[in-house]
Amino acid sequence: MRIFVGNLAWSVDDAGLQDIFAPYGEVTSANVMIDRATGRSKGFGFVEMPSAEEAQRAINALNGKEVGGRPLTVNEARPREERSGGGGGYGGGRGGGGGRGRY
DNA sequence: CATGAGCGC
């Protein structure tokens, strides 16, 4: 599952982000978005975890947790549109039924 | 000091 992590401290980088999620489950990928214009962190990043349940637990555990002096904003990431291909916007609501069964 | 809203390549 992909996880959106916001309100990151400047001190946190890709490795630091993975280090935060590591104890909650296997982290296959962690990325802190860097603004290429200034070279500083945009203050948010993404984490990829193969286990959706561990990922969800990590979200519950890390959301609001203070790291680097700032409370993290952790949430499931939104579907990202392909770079090639127009059209934007996010359709519909947040899946029906809730939770299980979406996949 | 690049310094704070926000969903990436």
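Side-chain atoms are counted along with the backbone in the values below, which use heavy atoms only and exclude waters and symmetry mates. To find a chain, count down the sequence lines: A is the first, B the second, and so on, and within it residues start at 1.
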- Message: Applying a 4.0 Å non-hydrogen cut-off, can you work out what I34(A) is touching in the nucleic acid: base, sugar-phosphate, or nothing?
- Response: nothing
- Note on the structure: Rounded to the nearest 0.5 Å, the CZ atom of R2(A) sits from the CZ atom of R80(A) at a distance of 6.5 Å
- Query: So what does S41(A) touch, heavy atoms closer than 4.0 Å: a base, only the sugar-phosphate, or nothing?
  - Reply: nothing
- Separation of dG8(B) C1' from L17(A) CG (nearest whole Å): 12 Å
- Hey, are T73(A) and N75(A) close enough side-chain-wise for a donor-acceptor pair under 3.5 Å? no
- Quick one: N7(A) CG to dA5(B) P, roughly how many Å, whole number? 9 Å
- Message: What's the closest nucleotide to the side chain of R2(A) if the choices are dC7(B), dG6(B), dG8(B)?
- Response: dG8(B)
- Syn/anti state for dG6(B) [syn: chi within 90° of 0]: syn
- Expressed in angstrom and rounded to an integer, what is the separation of L8(A) atom CG from dA2(B) atom P? 20 Å
- Query: For F44(A) and dG6(B), are the ring centres under 5.5 Å apart with planes inclined under 30°?
  - Reply: no
- For Q18(A) and dG8(B), what is the distance between atoms CD and P respectively, to the nearest whole Å? 21 Å
- Note on the structure: Taken to the nearest whole Å, CZ/R80(A) to C1'/dC7(B) is 10 Å
- Item | Where at least one partner belongs to residues 49-76 of chain A, residue pairs that pass ring pair (Phe, Tyr, Trp, His ring centres under 6.0 Å), sequence neighbours excluded | none
- Message: If the cut-off is 4.0 Å, is R78(A) near the phosphate of dC7(B), judged by side-chain N/O to OP1 or OP2?
- Response: yes
- Between dG6(B) (P) and N75(A) (CG): distance, integer Å: 14 Å
- Sequence neighbours left out, what pairs pass ring pair (Phe, Tyr, Trp, His ring centres under 6.0 Å) with at least one residue falling in residues 22-71 of chain A? F4(A)-F44(A), F4(A)-F46(A)
- Task: Find which nucleotide of DNA chain B each of R40(A) and F4(A) is nearest to by heavy atoms, and output the residue with the more 5' nucleotide.
- Result: R40(A)
- Query: Please give, in whole Å, the distance from dC9(B) P to E48(A) CD?
  - Reply: 16 Å
- The answer to which of T38(A) and G6(A) contacts DNA chain B further toward the 5' end, by nearest nucleotide, is T38(A)
- dG6(B) P sits how many Å from I3(A) CD1, rounded? 21 Å
- Looking at CG of N63(A) and CD1 of I3(A), how far apart are the two atoms once the value is rounded to the nearest 0.5 Å? 10.5 Å
- Out of dC9(B), dG6(B), dC7(B), whichever nucleotide has its closest atom nearest the side chain of M33(A): dC9(B)
